[in-house]
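Notes follow the structure.
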Amino acid sequence: MATAALEFLPAPLRSFRLKTKQQELLLRVSTLALIYVLAFIVRLFSVLRYESMIHEFDPYFNYRTTLFLTENGYSEFWNWFDFESWYPLGRVVGGTLFPGLMVTAALLYRFLRALSFAVHIREVCVLTAPFFAANTTLVAYAFGREIWDSGAGIVAAALIAICPGYISRSVAGSYDNEGVAIFALLLTFYLFVRAVNTGSLAWSLASAFGYFYMVSAWGGYVFIINLLPLYVLVLLVTGRYSMRLYVAYNCMYVLGMLLAMQIRFVGFQHVQSGEHMAAMGVFFLLQVFFFLDWVKYMLNDARLFKSFLRITLTCAITVGTLALVVGTASGYISPWTGRFYSLLDPTYAKDHIPIIASVSEHQPTAWSSFMFDFQILLFLFPAGLYFCFKRLSDATIFIVMYGLTSMYFAGVMVRLILVAAPAVCLISAIAASATIKNLTTLIRTKSKSPQASSGKTTGSKAAAKGAVDQSLPFQHNAAIALLLGAFYLLSRYAIHCTWVTSEAYSSPSIVLAARGHNGGRVIFDDYREAYYWLRQNTPPDAKIMSWWDYGYQITAMGNRTVIVDNNTWNNTHIATVGRAMSSYEDEAYEIMQSLDVNYVLVVFGGVTGYSSDDINKFLWMVRIGGGVFPVIKEPDYLVNGEYRVDKGAAPKMLNCLMYKLCYYRFGELTTEYGKPPGYDRVRGVEIGNKDIKLEYLEEAFTTSNWIVRIYKVKPPKNRS
Amino acid sequence: MAPAPPRHLLLLLPLLLLAAAPAGADDLVAELQSLRARSPSGVIHLTDTSVTRFLSAPASRRPYSVLLFFDAAALHSKPDLHLPQLRTEFALLAASFHDRNPGSGDLFFADIEFAESQHSFHQFGVNSLPHVRLIRPEHSTLAGSEQMDQSHFGRLADSMAEFVESRTGLEVGPIVRPPLLSRNQIILLGILFLISIPFAIKRVIEGETLLHDRRVWMAGALFVYFFSVSGGMYGIIRHTPMFLTDRSDPDKLVFFYQGSGMQLGAEGFAVGFLYTLVGLMIAGVTHLLVKVESLQTQRFAMMAVIAIGWWAVRKVIFLDNWKTGYSIHTFWPSSWRIWNHPH
């Protein structure tokens, strides 16, 4: 092309005259490139508004491990025993994490270094999620093309590039597993559908590797390993069994399983855990299907085959059930974990596992959250479902199943909206693309042949119907009106997404922003202030006790040992901390002595009005503590079932360690004009205990806005 | 919540006191046991008279404890109080206790209704429901008896049992819940299921089941979608009611709750319906409308679709902004500086 263009330089205009197909290709590629860039830059709002920093809680752990990986190499990382967390137990980090994210970031870092870009590993970590989100748009395009046509692919890419449900977990700085996992998830699904469509071993192999990457990156791979067998099962039930399906699933399952076993954290779960048994069952079922097919071909006798079928089916089902029962009874196959179980029976977690129920992202989803994260896609989704059912194929069945299962799970837990986002974008893209295509085709045919008289409409309608599989009945004007409506919807979507990204999803939550009285922005940087204080002013071997939410941040930024952190693997240990926080000071002192605690850190929002502080989380500490130590009883902290901190609060509440540490000397402070001193701006009340005396602890540091308060545990008294 | 007892009830009081003629401790226990035997669930229904007789007696003649459930028929319709549900759980607790300790004279379960026993409510100092009290032998006054805490209603009969066990030292044992279907129903269903198996197999082989009907799958798919986006799961997990009544005006119903963290059942379903409606209209225009013969009908339907679609989308966007309090707007580069947010 380029050389050909050069020859025609004297007449440059002519050289740009491309064939329609080339024009289309050029348009498509440039649109995709723009979408790719858009997906990346829309996620940079957080850098623009704040600074290039790691967000929230878990990403700090990921960052710390990545740093370790780049400094010490892979084998050190693999064998890393972290004694700085879960004191005195420690944590085998190498064997209890999904290394995909860290390895990816480390490789990117190496690659950039090799190109002699002098980047810091933190910048790589901050930008990993946007980079993978941009890649996801390409996968979405390919997937959309596979299940519908290239137009739907482009629309899907555009929708997913700015879909808030996805952006919420992939803005710059949110360096978490989900950032790369959604890419891996969609890639695996795309490759698998491609394999089913083509029956090619190569695609199937590729999807096995996609699955491997997913397993290495996120625990959500369980969704894949259950959705794929379910899909195969549905195809079998609806009589769509084919050789292509057989090849695709078997290769993907066997290789994917073997590869997944290489991840230490997953290990032998594929053959031992109840969550993975569906995949294995379907694998054997496929073999039975294939075998029967073969026998049918060999026998050539309907009656003989029927009796054979009866015997084989009975045997297969009996053997399968027996194996499952024996495996479960002997403990070889582990039962479902609580997290998985709570997806199927949503009320389970609320009653039985407070440590899951306490996390805000595990709450059920209200309609406004769906609206917030998907906006008009919700209107397009049913239409897309309808289109898919009208043109049923192996690929559309898959996308429908993916959409519906993930939609259901998103209803159970807010965080799973993320998993549903790609499916919703794809299905909505089908609706949007097919509708717009029909409308434009209609407008074009009308304008080419002006035969809008009512007598001939039926004829042209039939013609249009023959040309396109779906066509519109009305005239030019209605088509234009509908087209304008569609663009109105899509532009609302773009406005909504940009606004949501910039205002709601770009906050790092470690630096807080509020709007002052004069409308300007006030930044509270108390967390980092406190962590750097710890780093500079405490002995390197100091042990810090705090609620588990802040564990990762303290180890990563403060570089000090913590008792519990966000990896909530040991409930008893967390309950011990919860018990200490909700006991009287002398009882808490004994617990802290037994854990060698030197400093206690609490988060308090009473001065700034920061509502997710420890006093608001306190009831969960009581519940989790009381779940292991029955001496802690929730009713002791409530008055008539009501949680209060003012004068009417329960006496136990007013004197427990958490209350004392949060409100120590708070009674002397006037927080708001016209209110008495000791007015808590989060709870909106004057506190009940203003005269707090500490006996076993002393205040060590309080940040400038009182958000973080650190106390030193006094050494035991000398014996006289 | 309870208004002061009407004057005429106070006048009746001396009569009631007279009626409570002294009786021996054994007599009282025997009488309670016979009352219990007469009640199907084992919960004794008390009135003002019997409260005085069985509970106001001095401790020496009252060797038993009574767990008393305060009920009010007028408040059964209030969904947030869960009174009928708690009452059935209470009966379950009583039944489980009697299964474990047949003929026990140590603990009795009783309930009392507000409209007919207002005086007793007053004596106990009960002014809000739900309310459960344990009157033990050592309690000398009625108001001094122990109130069961709100948190013990949380897990229904199981948590109430914990309360009873911790306070009285008596064992309640596992809560025996009646199965969802009775034994005969299960047998009947089992027989029906067995009979239907051959038919089902035949149809599966012929490929004529509902599973092979595309429309059934589609209806199911749309339902799953509708249920998810309308926050139905939220309602199940959080037990949110369909609507609330306005506090200031009891006749007015509140269907929409302002605040992003919470939702009511009805509002979710209303919004979910709008989503589904618009989506299906888009699909219908391209797939169904083309098959309609009459041009007039087509025109009219098209106009209707455009109008309804426009209205529904605007409505949902408006509702969402109202509920969450966000004011979503476009970013225009020139107005970045003078942009002033309504707080």
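Chain A is the first sequence line, chain B the second, and so forth, proteins listed ahead of strands; every chain is numbered from 1. Computed over heavy atoms, backbone and side chain alike; hydrogens, waters and symmetry mates excluded.
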State which residues pass side-chain hydrogen bond (donor to acceptor under 3.5 Å, both in side chains) with B:Thr297; sequence neighbours excluded, sorted by chain then number.
B:Ser294
Highest number of heavy-atom pairs under 4.5 Å with chain A among B:Asp320, B:Thr324, B:Ile306 belongs to B:Asp320
Side chain / backbone / both / neither for A:Thr365 at chain B, heavy atoms under 4.5 Å
backbone
Under 3.5 Å, side-chain donor or acceptor atoms of residues 262-280 of chain B against the rest of the protein: list the pairs with distances, not counting sequence neighbours.
{"residue": "B:Gln263", "atom": "OE1", "partner": "A:Trp367", "partner atom": "N", "Å": "2.5"}
{"residue": "B:Gln263", "atom": "NE2", "partner": "B:Ser230", "partner atom": "O", "Å": "3.2"}
{"residue": "B:Glu267", "atom": "OE1", "partner": "A:Trp367", "partner atom": "NE1", "Å": "2.8"}
{"residue": "B:Glu267", "atom": "OE1", "partner": "B:Lys323", "partner atom": "NZ", "Å": "3.1"}
{"residue": "B:Glu267", "atom": "OE2", "partner": "B:Tyr257", "partner atom": "N", "Å": "3.0"}
{"residue": "B:Glu267", "atom": "OE2", "partner": "B:Leu264", "partner atom": "N", "Å": "3.0"}
{"residue": "B:Thr276", "atom": "OG1", "partner": "B:Gly272", "partner atom": "O", "Å": "2.6"}

Is a donor on one side and an acceptor on the other found under 3.5 Å between the side chain of B:Tyr225 and the backbone of A:Leu378?
yes
Are the side chain of A:His496 and the backbone of A:Phe372 linked by a donor-acceptor contact shorter than 3.5 Å?
yes
The test is side-chain contact (heavy atoms from CB on, under 4.5 Å); show your working for A:Val412 and A:Leu416 and say whether it passes.
CA-CA 8 Å; A:Val412 179; A:Leu416 292 180; 5.9 Å; no
Report which part of A:Tyr488 has an atom under 4.5 Å of a heavy atom belonging to chain B: side chain, backbone, both, or neither.
side chain
How about A:Arg521: does its CZ atom have over 12 heavy atoms from other parts shown lying under 6.0 Å from it?
yes
For A:Ser502, which atoms come within 4.5 Å of any heavy atom of chain B: side chain, backbone, both, or neither?
side chain
A:Tyr637-A:Tyr643 aromatic ring centre distance below 6.0 Å:
no
Side chain, backbone, both or neither of A:Gln375 within contact of chain B (heavy atoms, under 4.5 Å)
side chain
Toward chain B, the part of A:Ala410 with a non-hydrogen atom under 4.5 Å
neither
Heavy-atom distance under 4.5 Å to chain B: side chain of A:Ile376, backbone, both or neither?
neither
Can you tell me which of B:Leu222, B:Val229, B:Val224 forms the most heavy-atom pairs within a distance under 4.5 Å of chain A?
B:Val229
Under 4.5 Å, counting heavy-atom pairs only, tell me which of A:Pro382, A:Cys388, A:Ala420 racks up the most with chain B.
A:Pro382
